[in-house]
Protein chains: 2
Amino acid sequence: MASSTEENYLKALYNLSNGQGEVNISDLANGLKVSMPTANSMVKSLQKSDWVIYEKYKPVILTPKGQKEAALIVRKHRLTEMFLVKKMGFGWEEVHEVAEQIEHIHSPKFFDRMDEMLGYPTIDPHGSPIPDNQGRMKEFSYTPLSACKPGQEVQLTALTNSSAEFLEFLNSRKLSLGVHLKVISREAYDQSIVVSYPDHPIETLSEKASERLLVRILE
Amino acid sequence: MASSTEENYLKALYNLSNGQGEVNISDLANGLKVSMPTANSMVKSLQKSDWVIYEKYKPVILTPKGQKEAALIVRKHRLTEMFLVKKMGFGWEEVHEVAEQIEHIHSPKFFDRMDEMLGYPTIDPHGSPIPDNQGRMKEFSYTPLSACKPGQEVQLTALTNSSAEFLEFLNSRKLSLGVHLKVISREAYDQSIVVSYPDHPIETLSEKASERLLVRILE
DNA sequence: CAAATTTGTTAGATTGTTCTAACTTATTAC
DNA sequence: GTAATAAGTTAGAACAATCTAACAAATTTG
Ligand SMILES: [Mn+2]
Ligand SMILES: [Mn+2]
Ligand SMILES: [Mn+2]
Ligand SMILES: [Mn+2]
């Protein structure tokens, strides 16, 4: 059974995996805020338990076993976040840290009951998909708001970044998932985007912010 | 800040403390299922952080700081058990193991919200008192059923042992906290006690079981 | 391509938590 | 009150997870 530390490494590898499912040691070390030798030695030990495939100087690859294990931890993390928001009155900006701890609890029943109480949700409070209990995750393809054209009407559906600072920024603009936005215009100068939505007839969003907002185009 | 391991030691010391608040190394080792040298070395390190007072060959004593820390972990444990039973549909025999993990979560809000959702309970699902948020715990003085006389009417109020096996035994007899019992008789031979309660006109409880049932005498 | 830079590895140390074996002190039994 | 037993300690080792310093390989740059 994976330790909490190992679980955090598996999750980081899962989240950092690109199209090829490869992760560089330096990206892994960076993501977990450990030194490269630490990441290197952990990867070697994950290999011994068949969680990853690894060869010197090559990027790390999760095995199918490692992928499933990682996805199930992501599942526990996201179910927890949803539970905290929907059932315990947490704000979406407050849940990540706690979920980072609760995801390591070993108790199938605890998470199954959360799932049931939540009505089997498929996304977490930040719009990220929740893997099913077999570790399968549906991939959604949303459009960043930064890629939208003036005149388009869209619905805010997910975020590419869920840092507390960004979530608090969204709170301050009353932007939450599900909100309908109309793209008014776009500044050629700095790529900022002007949108309109209920109670906010004109709101300007920087390129940085609009890249992080994923939307579903309406009609 | 105490590690999960240290927290478990503090909690064990708290629960094993007798009238004098003293705990032998061997009782501590036994309680935590570690070797005596392990308990010994941990106690030395707890002493460095001022959680305990310790001198070679003397029993361990929690400092006021250690007592408060321990009581707050017991609080998290018991609030969690109550939450799992009252809000998440767990049986009272299923909660201890999970609570043993969840008690180490660092998030005041998480436990404050549980407390609030539960209406600020003072006892856990097994009748044990929940320390308040300052680490103060009310001591109740209940009578073991084994000390009751025939003819007495009592209410089942708490347990001195909450092992899953004992709780399942109680489930099988439909004995839960709050049940009103009438003591019918007592066997001089083996100290077993015959009781009567709703839907169970005659039920015999061994001395072992009746010692573990704490009751409040009615009238 | 050779030099500079980035990325990755090895070696060696540290801290936390655990163990067994051997020894010492304290307590109990006779 | 000695002898046997129980309780407690020390020494030494192991494993997990981390670090820094030094070195090596791979990649990028001019
Ligand atoms: Mn999160
Ligand atoms: Mn985590
Ligand atoms: Mn318990
Ligand atoms: Mn615990």
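If you're wondering where the values come from, they're calculated on a predicted model, not measured in any experiment. Lettering of chains follows the sequences in order, A, B, ..., and the numbering in each one begins at 1.
The phosphate of D:dA17 (OP1 or OP2) has a side-chain N or O of A:Ser3 nearer than 4.0 angstrom. Residue A:Tyr9 has a polar side-chain atom (N or O) positioned under 4.0 Å from OP1 or OP2 of D:dT18. Proximity of B:Lys56 to the phosphate of C:dA26: no side-chain N or O atom is located under 4.0 Å from OP1 or OP2.
Residues that satisfy the side-chain contact (heavy atoms from CB on, under 4.5 Å) test with A:Glu55, not counting sequence neighbours, are A:Lys58. In this structure B:Lys109 satisfies the salt bridge (charged side-chain N to carboxylate O under 4.0 Å, His left out) test together with A:Glu94, sequence neighbours excluded.
Look at CD on A:Glu55: it is 21 Å from P on C:dT7, rounded to the nearest Å. In this structure, A:Glu22 places its CD atom 12 Å from P of C:dG8, rounding to the nearest Å. Distance CG (B:Leu32) to C1' (C:dT17): 12 Å, rounded to an integer number of Å. The interatomic distance linking A:Ile25 (CD1) with C:dT6 (C1') rounds to 14 Å, in whole Å. B:Met42 has its CE atom 8 Å from the C1' atom of C:dG16, to the nearest Å. Remark: P of C:dT6 and CG of A:Leu28 are 20 Å apart, rounded to the nearest angstrom. Per the geometry, CD belonging to B:Glu6 stands 12 Å off C1' belonging to C:dT15, to the nearest Å. In this structure, A:Lys33 atom NZ and D:dC19 atom C1' are separated by 17 Å, rounded to whole Å.
B:Lys87 places a side-chain N or O within donor-acceptor distance of the main-chain N or O of B:Met117, the cut-off being under 3.5 Å. Formation of a donor-acceptor pair under 3.5 Å by the A:Thr63 side chain with backbone atoms of A:Trp51 is found in this model.
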For residues 19-27 of chain B, tabulate all N or O donor-acceptor pairs below 3.5 Å that involve a side-chain atom, not counting sequence neighbours.
unit_1	atom_1	unit_2	atom_2	d
B:Asn24	ND2	B:Asp27	OD2	3.4

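Note: A:His96 NE2 to A:Thr80 OG1 = 11.5 Å, rounded to the nearest 0.5 Å. Note: A:Ser163 OG to A:Arg212 CZ = 5.5 Å, rounded to the nearest 0.5 Å. The structure places CD of A:Glu211 at 9.0 Å from CD of A:Gln191, a figure rounded to the nearest 0.5 Å.
Screening residues 115-126 of chain A for side-chain hydrogen bond (donor to acceptor under 3.5 Å, both in side chains) gives A:Arg75-A:Asp115, A:Glu81-A:His126, A:Arg113-A:Glu116 as the qualifying pairs, with residues at least two apart or on separate chains.
Of all nucleotides listed (C:dT18, D:dA7, D:dT10), D:dA7 comes nearest to the side chain of B:Ser26. Ranking C:dT10, D:dG8, C:dT18 by closeness to the B:Asn24 side chain, first place goes to D:dG8. Minimum atom distance to the side chain of B:Asn40 is reached by D:dG8, of the listed C:dT18, D:dG8, C:dG8.
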Can you tabulate the close N/O pairs, meaning under 3.5 Å, that link protein atoms to atoms of nucleotides 20-24 of chain D?
none

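Using a 4.0 Å cutoff on non-hydrogen atoms, no part of residues 44-53 of chain B comes near DNA chain C.
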